[in-house]
Every structure is written in C-alpha cells, then in structure tokens.
Amino acid sequence: MEAKVGKFFDSVTNFFSGSDQLPWCDADIIAGCEKEAAGADNGSDESKNECLTRFSWALVHSRRTEDVERGIAMLEASIASTTDPLKMREKLYLLAVGHFRRGDYSRSRELVEQCLMIEPEWRQAQSLKKAIEDRITKDGVIGIGIAVSAAGLIAGGIAAALSRKK
C-alpha cells in the first residue's frame with residue numbers, strides 16, 4: 001500500500017514539476033563541442049559530421065533557448081544532405097528533442113514519429129514520444145483548469161452583481 005501511495009505522489013510531483021528524462025547539457029560541454037567542431041574543419045567529412053552531430057546534441061540539450069534554437073538550425077541545415085537512414089534517424093530525434101525543449105510539442109511529435117518509422121523499436125524515441133504525450137496531456141489539463149477557474153470567477157461576479165440589484 002505504501003509503495004502505491006509513494007508512486008502516486010511521485011507521479012503528481014512529476015506532473016506539476018514538468019520533469020522529463022532527457023538530459024541537460026551545460027555551457028562547458030557546449031563550449032568543448034564547439035571547439036571540437038571548429039577543429040574538425042581540417043579532418044575528413046565523416047569526422048566533421050560526427051563533431052557537428054555531437055555539437056548539435058549538446059545545443060538541443062541546453063537549458064538556454066538560444067542554444068536550442070542554434071542546434072535546431074544546424075540540424076535542419078544538415079538534414080537535407082543526409083542519406084544514411086541511421087544518421088537521418090538520429091538527426092530527426094535531435095530535432096524532436098530541440099522542438100520539445102522549445103515547447104513545440106506537435107512538431108516534436110511529428111519528428112519522433114518519423115524516427116519510429118525508420119526504427120520502430122528504438123526505445124529512446126519511444127521514451128521521447130511518451131514524454132511529449134505526457135506534456136501535451138499536462139498542458140491540456142492545466143488549460144482546462146484555467147478555463148474552468150475563469151468561468152467560475154465570471155459566474156461568481158455575475159451572481160454577486162445580481163444579488164446586489166435585489
């Protein structure tokens with residue numbers, strides 16, 4: 001019984017805190033990846049692409065909106081030239097993470113569904129899809145709560161005004 005109560009309170013806490021299982025990336029890691037990507041200009045195309053993918057990963061996992069936007073832009077610019085399905089899957093996933101971090105859940109869901117079309121059993125993409133759906137549900141519940149509260153306030157105001165007239 002205690003375990004069930006504990007799980008319930010954990011789920012309520014996660015619901016209101018908005019936590020997800022995606023890692024965050026700090027400025028030091030981003031700076032290191034950026035330095036590595038800049039140094040990869042002299043290497044092979046594959047080495048350069050790997051460095052840029054790591055840099056994009058760091059950017060879309062950042063807490064700073066500017067970094068996330070930059071990561072999304074880098075990924076969108078590189079996706080057109082990607083022919084390898086596994087690399088395409090990874091870039092789509094990172095784009096989905098970026099849009100999730102930005103709060104564009106519908107775009108994020110579209111991208112993660114494209115990942116799952118390439119590899120349906122990819123657990124990382126399945127976890128992200130669940131996090132997206134949970135966030136959409138949470139936002140919907142909060143929106144309904146706000147609408148109901150506003151309607152209650154309006155009804156209360158009307159009732160108060162009518163009672164004063166009598």
Sorted by chain and residue number, the side-chain contact (heavy atoms from CB on, under 4.5 Å) partners of Asp26 (sequence neighbours excluded) come out as Asp28, Ile29
So which heavy atom on [X] is nearest to which on [Y], and how close?
X: Glu90; Y: Trp122; value: CA-CH2, 4.4 Å
X: Leu116; Y: Ala125; value: CD2-CB, 3.7 Å
X: Phe100; Y: Leu128; value: CG-CD1, 4.3 Å
X: Ser78; Y: Lys91; value: OG-NZ, 3.3 Å
X: Arg89; Y: Cys115; value: O-SG, 3.3 Å
X: Leu22; Y: Tyr93; value: CD2-OH, 3.7 Å

Nearest 0.5 angstrom please: [X] [atom1] to [Y] [atom2], how far?
X: Ser81; Y: Met88; atom1: OG; atom2: CE; result: 8.5 Å
X: Asp104; Y: Leu95; atom1: CG; atom2: CG; result: 11.0 Å
X: Lys129; Y: Ser108; atom1: NZ; atom2: OG; result: 11.5 Å
X: Arg102; Y: Ile72; atom1: CZ; atom2: CD1; result: 4.5 Å
X: Ser106; Y: Ile136; atom1: OG; atom2: CD1; result: 7.0 Å
X: Thr53; Y: Leu75; atom1: OG1; atom2: CG; result: 7.5 Å

Q.
Please determine whether a side-chain nitrogen of the Lys or Arg among Glu133 and Lys130 lies less than 4.0 Å from a carboxylate oxygen of the Asp or Glu.
A. no
Under a 4.0 Å N-O cut-off, is there an ion pair linking Arg64 with Asp67? yes
If Ile, Leu, Val, Met, Phe, Trp and Tyr residues are connected whenever their side-chain heavy atoms lie under 4.5 Å apart, and connections chain through other members, are Val97 and Ile79 in the same group?
-> yes
Tell me if a side-chain donor or acceptor on Gln126 pairs with a main-chain N or O of Pro120 at a distance below 3.5 Å. yes
Item to complete: Before giving the answer on side-chain contact (heavy atoms from CB on, under 4.5 Å), spell out for Cys33 and Trp57 the whole-Å C-alpha distance, their side-chain angles and the decisive distance to 0.1 Å.
Response: CA-CA 9 Å; Cys33 289; Trp57 182 96; over 6 Å; no
Criterion side-chain contact (heavy atoms from CB on, under 4.5 Å) on His99 and Val68, from CA distance to verdict: CA-CA 8 Å; His99 285 284; Val68 174; over 6 Å; no
- Would Val60 and Arg101 satisfy side-chain contact (heavy atoms from CB on, under 4.5 Å), going step by step from the backbone distance to the final call? CA-CA 7 Å; Val60 299; Arg101 292 283 192 223; 5.8 Å; no
The remaining residues in the hydrophobic cluster of Ile30, counting side-chain heavy-atom contacts under 4.5 Å among Ile, Leu, Val, Met, Phe, Trp and Tyr, are Leu52, Phe55, Leu59, Met74
Notebook entry, point to check: Where do Arg107 and Glu110 land on the salt bridge (charged side-chain N to carboxylate O under 4.0 Å, His left out) test, with the steps shown first?
Noted result: CA-CA 5 Å; Arg107 180 71 177 132; Glu110 289 171 15; 3.1 Å; yes
(Q) Using a 6.0 Å cut-off, check whether atom CD of Glu46 has over 12 heavy atoms from anything other than its own residue. (A) no
query: Stepwise, does the side-chain contact (heavy atoms from CB on, under 4.5 Å) test hold for Glu50 with Ser47?
result: CA-CA 5 Å; Glu50 286 177 18; Ser47 172; 5.8 Å; no
